[in-house]
Amino acid sequence: MNFGEKITGWYHIHKRDLPWRKTSDPYLIWLSEIILQQTRIEQGMDYYFKFKNAFPVVHKLAMASEDQVLKLWQGLGYYTRARNLHKAAKQIVELHNGVFPNNYKDVLQLPGVGPYTAAAITSIAFGEPYPVVDGNVMRVISRIFGIETAIDSTDGNKEITTLMNKWIDKNDPGTFNQAVMEFGALYCKPANPECSACLFKEDCYAYKNKIVNELPRKNGKVKTKKRYFNYLVIISKETNETWLQKRTEKDIWQNLYEFPLLESHNTMSEELLQKKIDQSGFNGQQVKIQKTVHDYKHILTHQHIYARFFVLWLTPHHSDAFMKAMGFKSAFTVKIQNIDQYGISRLTDRYLKENKLNEAST
DNA sequence: CAGACGTGGGT
DNA sequence: TACCCAAGTCT
């Protein structure tokens, strides 16, 4: 069986018409690859166009601020990708004179670019013979060739890479790579694969042995943690302002903005918050919890966040003292109508969309 | 090398 | 509901 010929033949007939397949610009191919890491095409598509429009060339991206890049990335998740994208653009301008590097070794040096992405970019844009090994490829190869080694192990990855190296078309590695991925996305899917219509029916180890649903094998899974986020939505009606702060810790949503946050080990009641305020040294009489918006359960891969938003009304003068007493050192005021200029998480975005801050009087 | 890191869709 | 997973990388 000539796997390479068969799968590229299939690809020429079945491939989807995707925007980043219409270009040979390594910058745009890189952009699409970063956006598509761990992300479905339907989910990343809009972002590809947004970034392409805002930053048509790498130089423009390098000139932007990180805040601008994160704002545009808002809602896509895995925000490290956005920060690295920006960092890499600056690096290309400074180290490569604004010209996108044209070989595997140099591309691999860019922040946010690992073995998969470097292989994808250089094979597609420059015809370098490096095989891609992503989730699709691991699934397709492990099923057809019967790799039973766990794919989330070093050995498993190595076995897949060896087979891809064996079959890659040195004359057109980009097409071969995309063919395997496309086949994994459209036919050899994780659940309910199209085995009855599959051109590898006669060859596929998993199909012949009736273990399609057991391959690829995987080892580990991680436990999910519960976290309790208590946001303080502080409203100064006199100035139409609220307070925000930037998440600078090495944690989720790094460098995005949010309301001042009190994280706790358990649910925080209004009474408990009131108590914390009293204990802060701030005169608790001057602040009243107007309302509490709770029941926001925000689900991340390995974290369940139970969030509630306490709405507090304070005069500008009192809110200043309040923030100081409560220990929010880096928080700052912002006009309510300007909040949408800040990059925020889906959770904060959802709250904002469902609650009008300046109509909090009811 | 195990654990982090988002979001949304499917079963 | 809970769990899986999607064109991975970094620490």
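A note on names: the letters A, B, ... follow the listed sequences, proteins ahead of strands, and every chain is numbered from 1. We use all heavy atoms of the structure for the numbers below, so side chains are in, but hydrogens, waters and symmetry mates are not.
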For this session: Determine, using ring centers only, whether A:Phe229 and A:Tyr306 are less than 6.0 Å apart.
Result: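 A:Tyr306 vs A:Phe229: aromatic centres not under 6.0 Å.
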Exercise. Does A:Phe3 have its ring centroid less than 6.0 Å away from the ring centroid of A:Phe200?
Worked result: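 Yes; A:Phe200 has its ring centre under 6.0 Å from that of A:Phe3.
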Which residues within [range] lie with some heavy atom under 4.0 Å of an atom in DNA chain B?
| range | result |
| --- | --- |
| residues 5-19 of chain A | none |
| residues 26-57 of chain A | A:Gln38, A:Thr39, A:Arg40, A:Gln43 |
| residues 156-179 of chain A | none |

Name every donor-acceptor pair, under 3.5 Å, that has one atom in a side chain of residues 91-103 of chain A and the other anywhere in the protein, sequence neighbours excluded.
unit_1   : atom_1 : unit_2   : atom_2 : d
A:Asn103 : OD1    : A:Lys105 : N      : 3.3
A:Asn103 : OD1    : A:Asp106 : N      : 3.0
A:Asn103 : ND2    : A:Asp106 : OD2    : 2.9

Seminar exercise, completed: salt bridge (charged side-chain N to carboxylate O under 4.0 Å, His left out) pairs touching residues 253-264 of chain A, sequence neighbours excluded, are A:Arg227-A:Glu263, A:Arg247-A:Glu258
Seminar exercise, completed: Heavy-atom nearest nucleotide on DNA chain C taken for A:Ala191 and for A:His304; more 5' hit belongs to A:His304
Exercise. Where each residue is assigned the nucleotide of DNA chain C containing its nearest heavy atom, which of A:Arg21 and A:Lys250 is assigned the position nearer the 5′ end?
Worked result: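 Taking each residue's closest nucleotide, the earlier one in sequence belongs to A:Arg21.
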Given atom [atom1] of [X] and atom [atom2] of [N], what is their separation to the nearest angstrom?
| X | N | atom1 | atom2 | value |
| --- | --- | --- | --- | --- |
| A:Arg139 | C:dC4 | CZ | P | 15 Å |
| A:Ile121 | C:dG8 | CD1 | C1' | 12 Å |
| A:Leu300 | C:dA2 | CG | C1' | 16 Å |
| A:Met138 | C:dT9 | CE | P | 10 Å |
| A:Asn192 | C:dC4 | CG | P | 16 Å |
| A:Ile299 | C:dT1 | CD1 | C1' | 10 Å |
| A:Lys223 | C:dC3 | NZ | P | 11 Å |

Exercise. Should A:Ile211 and A:Tyr205 be marked as a side chain to side chain contact (heavy atoms under 4.5 Å, CB included) after you check the CA-CA gap, both sets of side-chain angles, and the distance that decides it?
Worked result: CA-CA 8 Å; A:Ile211 53 168; A:Tyr205 176 94; 3.7 Å; yes
Exercise. Within the structure shown, what part of the strands sits under 4.0 Å from A:Gln254 by heavy-atom distance: base, sugar-phosphate, or nothing?
Worked result: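 Nothing, no nucleic acid heavy atom in range.
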Exercise. What does A:Lys225 touch in the nucleic acid at a heavy-atom separation under 4.0 angstrom: a base, only the sugar-phosphate, or nothing?
Worked result: sugar-phosphate
Seminar exercise, completed: The salt bridge (charged side-chain N to carboxylate O under 4.0 Å, His left out) partners of A:Arg217 (sequence neighbours excluded) come to A:Glu148, A:Glu214
For this session: Could you list the residues that satisfy salt bridge (charged side-chain N to carboxylate O under 4.0 Å, His left out) with A:Lys87, not counting sequence neighbours?
Result: none
Problem set entry | cation_pi(A:Lys50, A:Tyr47) dist<6.0 Å, angle<=45 |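 Verdict for A:Tyr47: a cation-pi partner in A:Lys50.
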For this session: State whether A:Trp313 and A:Lys288 meet the cation-pi test: NZ (Lys) or CZ (Arg) under 6.0 Å from the six-membered ring centroid, and within 45° of the perpendicular axis.
Result: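 Judged by the rule, A:Lys288 and A:Trp313 form no cation-pi pair.
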Are [X] and [Y] close enough for a salt bridge, meaning some N to O gap below 4.0 Å?
| X | Y | answer |
| --- | --- | --- |
| A:Glu182 | A:Arg21 | yes |
| A:Asp278 | A:Lys275 | no |
| A:Asp340 | A:Lys71 | no |

For this session: Take A:Arg308 and A:Tyr228 through the test side chain to side chain contact (heavy atoms under 4.5 Å, CB included) and record every step on the way to the result.
Result: CA-CA 8 Å; A:Arg308 54 182 52 176; A:Tyr228 300 87; over 6 Å; no
For this session: Provide the start and end nucleotides, 5' to 3', of the part of DNA chain B that has atoms under 4.0 Å from heavy atoms of chain A.
Result: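 In short, chain A contacts DNA chain B from B:dC1 to B:dT11.
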Exercise. Reckon A:Lys218 has a side-chain N or O less than 4.0 Å from the OP1 or OP2 of C:dC5?
Worked result: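 Checking A:Lys218 against C:dC5: at least one side-chain N or O falls below 4.0 Å of OP1 or OP2.
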For this session: Using the side chain to side chain contact (heavy atoms under 4.5 Å, CB included) rule, pick out the option among A:Tyr231, A:Phe322, A:Phe328 that qualifies with A:Pro260.
Result: A:Phe328
Exercise. With A:Phe51, which of A:Asp46, A:Ile34, A:Leu72 fulfils side chain to side chain contact (heavy atoms under 4.5 Å, CB included)?
Worked result: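 Single pass found, and it is A:Leu72.
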For this session: Enumerate the residues from residues 70-82 of chain A whose closest heavy atom to DNA chain C is under 4.0 Å, giving them by residue number; use none for an empty result.
Result: none
Exercise. In residues 99-119 of chain A, which residues come under 4.0 Å of DNA chain C by heavy atom?
Worked result: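 Hits under 4.0 Å, by residue number: A:Pro111, A:Gly112, A:Val113, A:Gly114, A:Pro115, A:Tyr116, A:Thr117.
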Exercise. Would you say the side chain of A:Glu33 lies within less than 4.5 Å of the side chain of A:Ile124, judging by non-hydrogen atoms?
Worked result: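 Counting from C-beta outward, A:Ile124 and A:Glu33 do come under 4.5 Å.
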Problem set entry | Between C:dC4 and B:dG3 - P atom distance, rounded Å | 15 Å
For this session: Please measure how far the P atom in B:dG8 lies from the corresponding atom in C:dT9, and state the result in whole Å.
Result: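 Here B:dG8 and C:dT9 have their P atoms 23 Å from each other.
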For this session: Quick one: name the residues clustered hydrophobically with A:Val212, using the 4.5 Å side-chain heavy-atom rule over I, L, V, M, F, W, Y, and just say none if it's on its own.
Result: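 Result for A:Val212 is A:Tyr207.
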Exercise. So A:Trp10 and A:Tyr187, would you call those rings parallel, tilted or perpendicular, with 30° and 60° as cut-offs?
Worked result: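 The arrangement is perpendicular - the two ring planes meet at more than 60°.
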Problem set entry | Contacts of A:Lys218 that satisfy side-chain contact (heavy atoms from CB on, under 4.5 Å) - sequence neighbours left out | A:Ile151, A:Asp152
